[in-house]
Protein chains: 2
Amino acid sequence: MRPTVHDIAAAAGVSLATVDRVLNQRPGVRHVTREKVETAIRELGYVRDVAAANLAKGRTYPLVFILPASDNSFMHGLNAEIRQAILRSPAERTDIRAIEVPAFDPAALVGVLEGLSREKPCGIAMVATDAPEVRAVVDRLVHAGFPIVTLVSDLTGSLRHHYAGVDNIAAGRTAARLLGRFLGPRKGKIAVLAGSMLVRDHRERLEGFTSVMAEEFPDLAILPVLEGRDDPEIAHMLVAKALGNADIVGVYSLGAGNRGLIRALKEKAVDRTLTVIAHELTAHTRAALIDNTIDAILNQNAGHEVRSAIRVLKAKADGLAVIEAQERIRLDIFLKDNLP
Amino acid sequence: MRPTVHDIAAAAGVSLATVDRVLNQRPGVRHVTREKVETAIRELGYVRDVAAANLAKGRTYPLVFILPASDNSFMHGLNAEIRQAILRSPAERTDIRAIEVPAFDPAALVGVLEGLSREKPCGIAMVATDAPEVRAVVDRLVHAGFPIVTLVSDLTGSLRHHYAGVDNIAAGRTAARLLGRFLGPRKGKIAVLAGSMLVRDHRERLEGFTSVMAEEFPDLAILPVLEGRDDPEIAHMLVAKALGNADIVGVYSLGAGNRGLIRALKEKAVDRTLTVIAHELTAHTRAALIDNTIDAILNQNAGHEVRSAIRVLKAKADGLAVIEAQERIRLDIFLKDNLP
DNA sequence: GTTTTTTTGATTTACGTACATCAAATTTGG
DNA sequence: CCAAATTTGATGTACGTAAATCAAAAAAAC
């Protein structure tokens, strides 16, 4: 049987109340006594029964998710996963609230974060907008004791406790290698469709993509990036125009708005053998993968990201360790054969 | 606040004891009364607080893992993950025992399973050996009320509750498409290295591989399968010999023993541009991927498989639902750019 | 209508921890 | 050495559920 507080009390030769004071860092314990108790804890290998503690405390974990108000499939999916998590709240003792902020608007995000420090959530998960002022509030909140994890898009250089999202540089590099290998000996130009170069994850994907392309596939030239603002209409327009260039042999779509990309490909490129790599598995990209319009899809699993963020925040709130390997968000690579 | 048993008792107009009798399926409740209680449970949306219940019961989950005594990196990794899970046991209220059985030996497996029905574990996870007699015991145990999940290798056609492993047909198909696409217009022969055609997962991978090859890459011919028995030495010998064939342009290694494969490739194929796809990320395959000896690695994450099996068994033991999407074991595809 | 059986209620203890209160013991300051 | 301050102990209640006991009520059987 695992030891209980009673065993610790007996082993340390003190009363239950004293053990409790040490465990919960309450005042009124002499230094030597505290040491005795801590020794007993270590020697018996005592670990607090979190379930029993939560029961006694009637504890719930009030968590806040902050998301950009973007109208694309991925963000809708992320939202849906958060709603699922809210449905599971009773069983998980969580109390989750989702807040939408205008996309790409550091000031708005800062405002929301500052408002949060008043209501006392025990954890914050946020899709970070990459700006110095955001970094500053995040660091302040972390110092104030709030567990914070970034979701989907990281805030490197800040003190956030954890990042629940894929390595976007690796994603871009992987896309480049897949595209390069799929094209084999063919020479030509590559069109890149992004959402916006103002977003960190898109910048990182592009960075990874161009570096592998330059290092390993010199016969493939990257055309100037098309910024589709994650909007299907704009994406369609840009891609349709770009496909006028007969030298294009491949396309890398690293953002959202793939509906427009797919439409453009079907209108303008049915007779050409283009190799296309896109991000994010949605109903549209899935169908396009199956009908060979797209050759591979890179994906991050929003459900895993949300569940991981929750696990990490709860663990941080309790001062517990997380299983690192479990919380690593993997880059999914889907060909038409391994679709879920 | 979520409703408690007290609320149910009040709402149904019965006593706490009666609610308890209904909840825990104890006898001595009239049919109509039971209905009243069940209605109240439904209307208030009561869900039993599993943490509190486990505390009261002093419940632990005795789980048994049955693994083949195979001496390869993957099984060692799986074993290590189970040991990790055992270390987490106190916090998770599990009591995990691992049993090794001779590999590919249905009779031995059946023996162990029958022994288990005497000691009463609340769940069994097993790497299944695919044989009718195994299916029969599994079905019998399931009927007797034991939750059973298969691990890594499934037992289709049996009544096992869940399979914690990858879709091996999809894995084989994916390998074929990667290989085919990487080779592009090249024609030639493909060598396939397997462990044994007696193992279901290897058979399935081969099945998926050959079907996509036949359908979509008719210029690539698959040579007779090399059975390396997951042994590095045998694998080395077989591959070294096979590489005498100058028509070989690609290799698919769908089992273990990749150490031997890699050695053979480095000795015999430095000057050739072979495309190689292998299964299972180990120290050896990882290094080979980085130095371009291998072009892609397909992997199943043993840690995820073990944790998933535990979650599913606990849920089944409690009669609770699992998050399906969370328990799907994904096929990892690693290029040198997205290694963890 | 009485007896027997079945069903229900009331109450208690327990699980491991948190938290509060009050008394007792110990240490510290003067 | 005494008073004040600090530290420790003893004890009780609570969290939501499980499980047991015994009494009371209701239903069924005679």
Participant: For B/Asp20 and D/dG16, give me the distance from atom CG to atom P, rounded to whole Å.
Facilitator: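 The distance from CG of B/Asp20 to P of D/dG16 comes to 16 Å, rounded to the nearest Å.
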Participant: Answer with base, sugar-phosphate or nothing: what part of the nucleic acid does A/Ala53 contact at a heavy-atom distance below 4.0 Å?
Facilitator: sugar-phosphate
Participant: In whole angstrom, what separates B/Asp318's CG from D/dG16's C1'?
Facilitator: 15 Å
Participant: Whole-Å distance between D/dA26 C1' and B/Lys36 NZ?
Facilitator: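 In whole Å, D/dA26 C1' lies 12 Å from B/Lys36 NZ.
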Participant: With no hydrogens and no angle check, do the side chains of A/Asn79 and A/Glu100 hold a donor and an acceptor under 3.5 Å apart?
Facilitator: yes
Participant: Quick one, B/Arg160 with B/Asp154, criterion salt bridge (Lys or Arg N to Asp or Glu O under 4.0 Å). Give me CA distance, side-chain angles, the key distance, then yes/no.
Facilitator: CA-CA 9 Å; B/Arg160 92 283 183 282; B/Asp154 197 10; 2.8 Å; yes
Participant: In whole angstrom, give the distance that lies between atom CG of B/Leu16 and atom P of D/dA23.
Facilitator: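 To the nearest whole Å, that distance equals 20 Å.
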Participant: Of the listed nucleotides (D/dA18, D/dC15, D/dG9), which one gets closest to any side-chain atom of A/Thr18?
Facilitator: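 Shortest atom-to-atom distance from the side chain points to D/dG9.
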Participant: Check whether any side-chain N or O of A/Ser308 sits under 3.5 Å from a backbone N or O of A/Glu305 as a donor-acceptor pair, and report yes or no.
Facilitator: no
Participant: Which nucleotide sits closest to the side chain of A/Arg48: D/dT17, C/dA10, C/dA18?
Facilitator: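 Side chain of A/Arg48 sits closest to C/dA18.
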Participant: Output the single nucleotide from C/dT17, D/dG9, D/dA18 whose closest atom is nearest the side chain of A/Val5.
Facilitator: C/dT17
Participant: Check every atom of C/dA14, C/dT7, C/dG9 against the side chain of B/Ala56 and return the nucleotide holding the closest atom.
Facilitator: C/dA14
Participant: Measure from the side-chain heavy atoms of A/Arg26 and tell me the nearest of D/dA19, C/dA18, D/dT17.
Facilitator: C/dA18
Participant: Of the options D/dT17, C/dG16, C/dA18, whose atoms approach the side-chain atoms of A/Thr4 most closely?
Facilitator: C/dG16
Participant: If I take atom CZ in residue B/Arg59 and atom C1' in nucleotide D/dA18, what distance separates them, rounded to the nearest angstrom?
Facilitator: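 Nearest whole value for this atom pair: 13 Å.
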Participant: Show your reasoning for whether salt bridge (Lys or Arg N to Asp or Glu O under 4.0 Å) applies to B/Arg30 and B/Glu35.
Facilitator: CA-CA 9 Å; B/Arg30 233 181 340 156; B/Glu35 297 251 288; over 6 Å; no
Participant: In this structure, how many angstroms lie between the C1' atom of C/dT26 and the NE2 atom of A/His31, rounded?
Facilitator: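 For the pair A/His31 NE2 and C/dT26 C1', the rounded distance is 18 Å.
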Participant: Between B/Val29 and B/Leu55, just flag the one whose closest nucleotide in DNA chain C comes earlier from the 5' side.
Facilitator: B/Val29
Participant: At under 4.0 Å between heavy atoms, what does A/Val14 touch on the DNA or RNA strands: base, sugar-phosphate, or nothing?
Facilitator: sugar-phosphate
Participant: If each of B/Tyr46 and B/Ala17 is mapped to the nucleotide of DNA chain D with the nearest heavy atom, which maps nearer the 5' terminus, i.e. the 5' end?
Facilitator: B/Tyr46
Participant: Write down the distance between CZ (A/Arg21) and C1' (D/dA10), rounded to a whole number of angstrom.
Facilitator: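 From A/Arg21 CZ to D/dA10 C1': 10 Å.
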Participant: Nearest whole Å is fine: how far is C/dG16 P from A/Leu23 CG?
Facilitator: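 It is 15 Å, rounded to the nearest whole Å.
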Participant: A/Asp49 near the nucleic acid: base, sugar-phosphate alone, or nothing, with a heavy-atom cut-off under 4.0 Å?
Facilitator: sugar-phosphate
Participant: Nearest to the side chain of A/Arg30 - C/dT27, C/dT17, D/dA18?
Facilitator: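 Side chain of A/Arg30 sits closest to C/dT27.
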Participant: Tell me, yes or no, whether the heavy-atom count around B/Glu119 atom CD, taken from other residues, nucleotides or ligands under 6.0 Å, exceeds 12.
Facilitator: yes
Participant: Please work out if A/Gly58 contacts a base, only the sugar-phosphate, or nothing of the nucleic acid, heavy-atom cut-off 4.0 Å.
Facilitator: nothing
Participant: Need to verify one output field. Residue with the more 5' nearest nucleotide on DNA chain C, B/Ala52 or B/Pro27?
Facilitator: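 Looking at DNA chain C, the more 5' nearest nucleotide goes with B/Pro27.
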Participant: So, B/Asn24 and B/Arg48: side-chain donor and acceptor under 3.5 Å apart, yes or no?
Facilitator: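 Result is yes, a qualifying pair exists.
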